[in-house]
Structures are given as structure tokens and as C-alpha cells.
Amino acid sequence: MGQYILKRILYMIPTLFAISIVAFLIISLPPGDYVDRLVANARYEGDVITEEEAEGMRELYGLNRPLIAQYLVWLGDIVFRGDFGTSFSWSLPVSRLIWERLALTLTISVSSLLFIWVVAIPIGVYSAVKQYSIGDYFFTFLGFIGLAIPNFLLALVLMYISFKYLGQSVGGLFSSEYIGEAWSAGKVLDLLSHLWVPMIVLGTAGTASLIRTLRANLLDELRRPYVTTARTKGLPETYLLIKYPLRHALNPFVSDLNTVFVDLVSGATIVAVVLALQTTGPLLLDALRSQDMFLAGSAIMMLSLMAVFGTLVSDILLAWLDPRIRFD
Amino acid sequence: MSALTANRSAGKEAEFVVAGQWQLIWRKFRKHRLAMFSGVVVSFIYLVVLIPGFFAPFTPEEYRANFTYAPPQPIRFVVRTEDGLRFAPFVYGYKVEIDYNAGRRNFVIDREVSYPVGLFVKGAPYSVLGLFESNIHLFGPVNAGDPLFLLGADRLGRDVLTRTIYGTQVSMTIGLIGVALSLFLGILLGGISGYYGGWIDNFIQRLIEFLRSLPSIPLWIGLAAAIPKDTPPMQVYFLITVILSVIGWTGLARVVRGKFMAIKTEDFVQAAKLDGCSTRRIIFRHMVPTFMSHIIAVVTLAIPGMILAETSLSFLGIGLRPPVISWGVLLQEAQNIRSISTAPWLFWPGVAVTVAVLALNFLGDGLRDAADPYA
């Protein structure tokens with residue numbers, strides 16, 4: 001097991017490099033740089049930035065060096081000093097902007113994952129055991145709808161419903177009095193009371209697909225001879241179900257864990273924009289719009305890292321559950 | 001009696017022996033009623049893609065400044081006359097109430113006024129596939145100039161229904177073209193990977209794993225944000241499809257590789273090899289036809305993802321932008337709580353997305369079940 005984990009971690013090193021290159025490439029793709037943008041903005045406001053001033057700024061930000069040098073400096077600072085560079089538009093170190101938001105993104109993704117499990121397991125079991133019942137059809141239908149509605153649309157609809165019928169706005173992760181405050185027990189409770197909306201919005205698609213997989217797998221298992229054998233031996237139905245077929249059928253919950261988690265991290269970006277959550281999503285979008293290179297690059301990189309680490313954890317979990325994988 | 005049934009079943013068997021693979025697939029598919037129905041819905045949507053002008057009562061840019069945010073008009077199909085009920089569809093008119101507190105006009109449905117609605121009415125001219133012009137619309141106001149907002153009007157008094165119908169063109173084709181590009185990449189790289197094996201396979205597999213472990217939306221928005229703002233719409237459209245498929249090909253490549261791996265060792269491939277067929281002939285003449293049906297099913301299931309991705313990107317304002325009309329662009333109007341609380345009918349393009357994605361999913365499911373008729 002230890003050997004397997006070590007191997008998986010070693011495999012990750014090239015992946016991490018590749019991620020940093022992808023993130024940096026995306027950032028250097030747009031024509032023009034941040035200074036060009038400043039110059040254009042200044043002109044728009046009737047101000048003028050001279051050629052020399054622009055060059056000076058490029059010197060300051062290191063934008064006049066060749067790309068590969070910029071990349072190496074950027075990566076070196078991150079790896080050796082934990083310094084992600086400075087956000088041009090915020091005039092703050094990127095690391096100060098990004099960590100808390102990353103933690104919130106992680107919180108949302110993980111809680112959506114838990115939501116998916118808590119909801120999908122009982123419904124999946126019910127749908128399989130009571131195949132073709134009204135409840136089964138209802139949940140199947142609901143599942144298809146859940147898969148078909150884009151995340152952001154679901155967020156908008158929820159916002160509309162709670163605005164129209166509950167008379168409150170559901171955006172944000174904190175009540176106004178806690179924004180910008182230090183962490184306290186009150187703030188955590190406040191976060192928890194706001195968390196359910198993004199949790200449901202993000203979790204719907206994953207729940208729908210897991211219900212379908214669990215139902216199909218469990219149906220396969222229920223037809224196996226060992227279930228009949230157990231039944232003839234007189235095992236109580238519920239005990240039988242939990243003891244044997246369910247354990248088999250739950251395998252995809254762990255083996256699909258990585259894709260589900262990656263989808264959650266990915267989907268959280270757009271849901272956060274709609275719901276105005278203080279996570280990495282809106283930060284990334286703003287950074288991209290204003291060509292705030294280090295900030296956008298770091299955000300993309302950290303989100304990718306989060307997804308890759310999620311994959312690592314789920315792989316290790318799977319190897320722990322299913323010994324065949326370790327010896328592959 | 002028993003001889004007769006035996007005879008009949010023998011005849012049936014004989015029929016199955018002569019039925020080709022595609023015939024068998026069709027027979028199996030036909031049994032899947034939901035998939036059949038979805039197939040009809042999808043065909044209809046693509047018909048709308050071909051001639052949106054016919055299905056829409058107006059042109060998408062036509063605006064009526066005195067009908068901004070007009071709510072949907074209910075449609076009635078029968079009128080009560082002295083001789084009984086008569087089929088004559090009409091919509092009610094609007095009354096304007098001014099809300100002095102909010103400082104805006106509110107439209108209220110006025111049941112005193114009614115405007116007749118007809119089928120195949122003459123209206124604004126549109127071009128059919130760029131071939132010829134027509135001004136016949138499937139339905140529209142009988143008297144030109146009467147208001148007809150079945151799904152309400154937007155911020156500029158444009159008909160939401162008309163714009164949703166025109167949005168079909170971009171939203172549905174971006175899925176098709178994106179999937180076609182992904183399929184090309186998927187078959188090429190998946191095929192190479194599965195056919196040659198060895199280090200090439202290893203490399204491509206690592207690449208696929210890498211791409212799949214990245215969160216796609218942050219990457220998409222990162223790439224889409226790199227498209228300069230002054231790029232012509234057609235180019236943006238094309239670039240977006242490229243961006244979607246650069247990340248989207250991995251799923252298809254996996255399927256293709258799996259199939260190649262499975263078939264490579266089959267006897268008929270060996271036989272073709274011994275017959276001296278070229279590699280290209282073996283791949284395209286002998287291997288691809290055996291899993292073509294699977295590919296079609298997987299492709300159908302991949303289109304919805306592309307449609308959702310385009311919609312999300314455009315919704316965020318970094319994909320397609322107005323004046324291009326796509327469902328995502330239309331939903332931009334519904335971006336804040338204020339506009340959707342005053343005009344919830346701006347959600348209609350979202351309903352269109354949901355219906356299209358649902359239909360494609362069901363169709364794909366049915367195709368996947370039918371893809372292997374021997375099972």
C-alpha cells in the first residue's frame with residue numbers, strides 16, 4: 001500500500017509541471033499585456049501614459065523579459081518562496097487573495113460531495129429495490145432533469161424562487177456583517193447557513209448521475225445467484241441488502257469519486273459567479289477580464305491542483321478498498 | 001398447430017439472419033419509445049436550425065420600444081360566437097399601468113382587446129438557407145403590427161420566442177461542430193493509441209488522464225478570455241468550438257481506444273492482415289464499421305455537454321457576445337436577480353437548453369442500448 005501511494009505521488013510530479021505550464025500558457029495567450037490594458041484605460045479616461053512610463057512599468061512587473069524567463073521566475077518564486085507574484089489590479093500579493101477563497105471553494109466542493117452521497121445512496125437503493133414503482137419513475141425523471149439543467153440556470157431559478165416566495169436573497173456565503181471580519185464561531189455558523197444553496201445547485205448533476213449508476217449496479221447485483229442463496233437461507237431482506245449487494249454496488253461511488261470531484265471544482269467556478277460567492281470563481285473571472293496575469297494564472301493553477309489532489313485522494317481510497325488495484 | 005408455429009418462427013429466424021447490422025439496430029432502437037420520441041424532438045429542433053425564419057413570428061432584431069419587458073400574452077384558440085364555438089386563435093392586448101413608486105411601466109393583460117393570430121401569415125422577409133427569400137411565417141399576427149409576445153418581450157421590446165428560436169441555430173450547431181472536431185481528434189489519437197500500443201499508447205493515455213484531471217470550466221474561461229474583444233463573430237464561434245473540443249476529445253478517444261484494443265486481436269483483423277491489407281484499409285474498412293454504432297451513440301451523448309459548455313461560457317460573457325444570438329447570450333439578460341424578478345420569462349431560453357439536452361440524452365441512451373444488437 002505504501003509503495004502504491006509513493007508511486008502515485010511520484011507520478012504526480014510531471015502532472016504538476018504540466019499544470020504550471022498550462023496555467024502560464026493560458027495567461028500569456030491574450031494579445032497585449034497588463035500594461036497595454038492600463039494604457040488603453042488611461043486613454044479612455046482622458047489620461048496619457050507615455051511610452052517611457054509604460055516601459056518602466058513593464059520593467060517593474062518583469063513583463064519585458066522573454067516568456068520562458070517569466071515562466072521560470074514565476075514558478076521558482078512559487079516553489080521556493082510560496083510567492084505567487086503580485087496582483088496588478090489589487091496591488092496585493094496573490095497569496096493573500098487566493099488562500100481564503102481556495103479554502104472556501106474546497107469547502108463548497110467537499111460539502112457538495114457529501115450532499116451527493118447522502119442523497120444519492122438512499123434514493124439509488126430505493127429505485128433499485130422498488131424498480132418500476134412510481135417513486136422509481138419519479139426519481140429517474142428528476143435525475144434526468146437534474147442532469148439537463150445547466151448549473152447556473154438552477155442557481156438563478158433558486159435565487160428567483162427564494163426572492164419571490166421567501167422574500168430573501170440567497171447570494172453570497174456570508175451575511176453582510178461578517179464580510180471582511182476575522183473568523184469566529186459566529187462566522188462559521190453564518191457560513192453554514194448560507195452553504196446549502198451552492199451545495200444543492202452544485203450537487204444536483206452529480207447526484208443524478210450517481211443515482212443512475214447505483215441503481216443499475218444494484219439491479220445487476222440483485223439478480224445474482226448469491227442473493228437468491230442468501231434469501232433461501234432465510235436472511236432478513238434489509239440485512240441481506242446492506243451486507244452483500246449494496247457493498248458491491250457502492251464501488252462506483254469511490255471509483256467515480258475523482259471525476260465527480262473534478263466536476264464539482266469546475267462547476268463551482270460558474271455557480272460562484274452567479275451566486276456572488278467569495279470563492280475563486282469570481283476572482284478568476286475578474287482577473288481574466290482585466291488581464292491580471294499572476295492572479296488568473298495562480299487561480300487556474302490552484303484549482304487544477306485541487307482537482308489533481310482530489311484525484312490522488314480518491315485513487316488511494318480506491319486502492320485501499322479494492323486491493324486488486326494496488327498490484328496492477 | 002405446433003408445426004405451424006415452428007414453421008413461422010423458423011421463417012422469423014431466417015429473416016433475422018438476412019437482416020444487416022443496421023437493420024437490427026433500427027429494430028432494437030424502435031422499441032425504445034422514449035428514445036424514439038426524443039429522436040423526433042431532436043429532428044424537429046434541427047429543422048428549426050435550418051429555417052428559423054419560418055418558425056419565428058418576427059425577425060430577431062425587431063424591437064418595439066413601447067413594449068419593453070411586456071409579459072407573455074396568453075393565447076386562446078376558440079372564440080364563442082352566436083353559432084357556438086369557432087376556431088380562431090387570438091391573444092389579448094396590454095394595458096399600461098404606471099408604477100410611480102418604482103418609476104416604470106407595468107403591462108397588464110387587457111382582456112377587452114384581442115388580436116387575431118393566424119397560421120402561415122405574411123410577415124418580415126427572411127432567407128431560407130441563403131437560397132431564396134420568403135415572408136411566410138408558421139404563425140404570427142394576422143394584421144401586421146399587432147403585438148404578439150407569446151413568451152414575453154425583453155429589455156428592448158424584442159420577442160423572446162423569436163430570439164430563442166434564432167438562438168437554436170448557434171447553440172445546436174456549436175454542439176455538432178464541436179463534437180465533430182472532438183470526434184476527429186478522438187478517433188485519430190484514440191485510434192493511434194489503441195492500434196499501435198506501446199509507448200505511443202502510454203503517452204496518449206497519460207495525456208488523456210492529465211486533461212481529464214483538470215477542471216474544465218476554469219480552463220475554458222481562461223482560453224475563451226484570450227479571444228480578443230474585436231474578433232469577428234464567426235471567428236469567435238469557431239474558436240469557441242475549438243476550445244471546447246481541445247478539452248472534450250478525451251472521452252471519445254477513450255471509447256475508440258477501448259474498441260480498437262478489443263477488436264485488434266479478433267480473427268477477422270488477423271485475416272485481413274494476412275491477406276495483405278494496408279493498415280489504413282484494415283482500420284477504415286474492417287475495424288471502424290464494427291464499432292461505428294457505438295461511436296454514434298457516444299457522439300450523441302457528447303453533444304449536450306458541448307451545448308451546456310457554450311451556454312455557460314456565453315452566459316458569463318466570455319463566450320459569444322451580442323449581436324450573435326445563442327441561448328447562452330440570451331440568458332445573459334437574466335443574469336441578475338433584479339431583471340429576473342421583473343421579467344421571469346427571460347428564463348425561456350434556459351427551458352430550451354434543458355429540453356434540447358434532455359432529448360439528446362434520451363436519444364443517446366436509446367442509441368447506446370441499440371448499438372449492440374447482438375447483445
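Lettering of chains follows the sequences in order, A, B, ..., and the numbering in each one begins at 1. This structure is a prediction, so every number in the text was calculated from the model and none was measured. Side chains are part of it too, since the values below use all heavy atoms of this structure and drop only hydrogens, waters and symmetry mates.
- For the pair A:Leu153/B:Phe347, a side-chain contact is recorded, criterion being any heavy-atom separation below 4.5 Å from C-beta on.
- Of the listed residues B:Pro344, B:Ala225, B:Ser213, the one with more heavy-atom pairs under 4.5 angstrom with chain A than any other is B:Ser213.
- Using a 4.5 Å cut-off between heavy atoms, B:Leu219 contacts chain A through both its backbone and its side chain.
- For A:Phe152, the part lying under 4.5 angstrom from a heavy atom of chain B is the side chain only.
- Checking side-chain atoms of A:Arg101 against main-chain N and O of A:Thr279 turns up a donor-acceptor pair under 3.5 Å.
- The local environment of CH2 in B:Trp345 is crowded, with over 12 non-hydrogen atoms from other residues, nucleotides or ligands closer than 6.0 Å.
- Smallest separation of non-hydrogen atoms from A:Val262 and B:Leu214: CG1-O, 3.4 Å.
- Looking at A:Val273, the atoms closer than 4.5 Å to chain B (heavy atoms on both sides) all sit in the side chain, from C-beta outward.
- Residues of residues 8-21 of chain A that come within less than 4.5 angstrom of chain B, heavy atom to heavy atom, are A:Thr15, A:Ala18, A:Ile19 in numerical order.
- By number of non-hydrogen pairs under 4.5 angstrom with chain B, the leading residue of A:Val22, A:Leu305, A:Thr259, A:Ile270 is A:Ile270.
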Subject >> Intermediate values then yes/no, side-chain hydrogen bond (donor to acceptor under 3.5 Å, both in side chains), B:Ser326 and B:Tyr237 >> reply: CA-CA 10 Å; B:Ser326 81; B:Tyr237 174 89; over 6 Å; no
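- Among B:Leu316, B:Leu223, B:Thr311, B:Leu308, the residue with the largest count of heavy-atom pairs under 4.5 Å with chain A is B:Leu316.
- In this structure, chain B has heavy atoms under 4.5 Å from both the backbone and the side chain of A:Leu303.
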Side chains of residues 350-366 of chain B: which donor-acceptor partners sit under 3.5 Å, not counting sequence neighbours?
residue	atom	partner	partner atom	Å
B:Thr354	OG1	B:Gly350	O	2.8
B:Asp365	OD1	B:Arg368	NH2	2.9
B:Asp365	OD2	A:Arg212	NH2	3.0

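- Contact annotation for A:Leu25: neither backbone nor side-chain heavy atoms come within less than 4.5 Å of a heavy atom of chain B.
- Between B:Arg212 and B:Glu209 there is no salt bridge, since no side-chain N of the basic residue sits under 4.0 Å from a carboxylate O of the acidic one.
- When atom types are taken as modelled, the side chain of B:Gln169 and the backbone of B:Val49 share a donor-acceptor pair closer than 3.5 angstrom.
- The candidate from A:Val157, A:Leu147, A:Asp263 with the greatest count of non-hydrogen atom pairs under 4.5 Å with chain B is A:Val157.
- Of the atoms belonging to A:Val274, it is side-chain heavy atoms, and not backbone ones, that fall under 4.5 Å from chain B.
- Each of B:Ile208, B:Asn202, B:Asp201 was compared with B:Ile204 under the side-chain contact (heavy atoms from CB on, under 4.5 Å) criterion, and only B:Ile208 meets it.
- Per-residue counts of heavy-atom pairs under 4.5 Å with chain B were compared for A:Thr269, A:Thr311, A:Leu264; the largest is that of A:Thr269.
- Side-chain contact between B:Leu189 and B:Trp249 is present, with heavy atoms from C-beta onward closer than 4.5 Å.
- Using modelled atom types, one side-chain atom of A:Ser112 and one backbone atom of A:Ile108 make a donor-acceptor pair closer than 3.5 Å.
- There is no side-chain donor-acceptor pair under 3.5 Å between B:Tyr46 and B:Thr168.
- The two residues B:Met306 and B:Ser245 make their nearest non-hydrogen contact at CE-CA, 4.2 Å.
- At least one donor-acceptor pair under 3.5 Å links the side chain of B:Gln332 to the backbone N or O of B:Ser314.
- The stretch residues 36-43 of chain B places none of its residues near chain A, where near means some heavy atom under 4.5 Å from a heavy atom of that chain.
- Contact of A:Ser304 with chain B is made through backbone and side chain together, with heavy-atom distances under 4.5 Å.
- Without hydrogens or angle criteria, B:Trp327 side chain to B:Thr164 main chain gives a donor-acceptor distance under 3.5 Å.
- Nearest heavy-atom pair, B:Leu330 versus B:Pro349, reported as atom, atom and distance to 0.1 Å: CB-CG, 3.7 Å.
- Remark: the A:Thr105 side chain and the A:Thr280 side chain contain an N/O donor-acceptor pair separated by less than 3.5 Å.
- A donor-acceptor contact shorter than 3.5 Å links the side chain of A:Ser266 to the backbone of B:Ile217.
- Within 6.0 Å of CZ on B:Phe238 lie no more than 12 heavy atoms contributed by other residues, nucleotides or ligands.
- Listed by sequence position, the residues of residues 202-210 of chain A in contact with chain B number zero, using a 4.5 angstrom heavy-atom cutoff.
- By number of non-hydrogen pairs under 4.5 angstrom with chain B, the leading residue of A:Leu288, A:Leu285, A:Ile145, A:Ile149 is A:Leu288.
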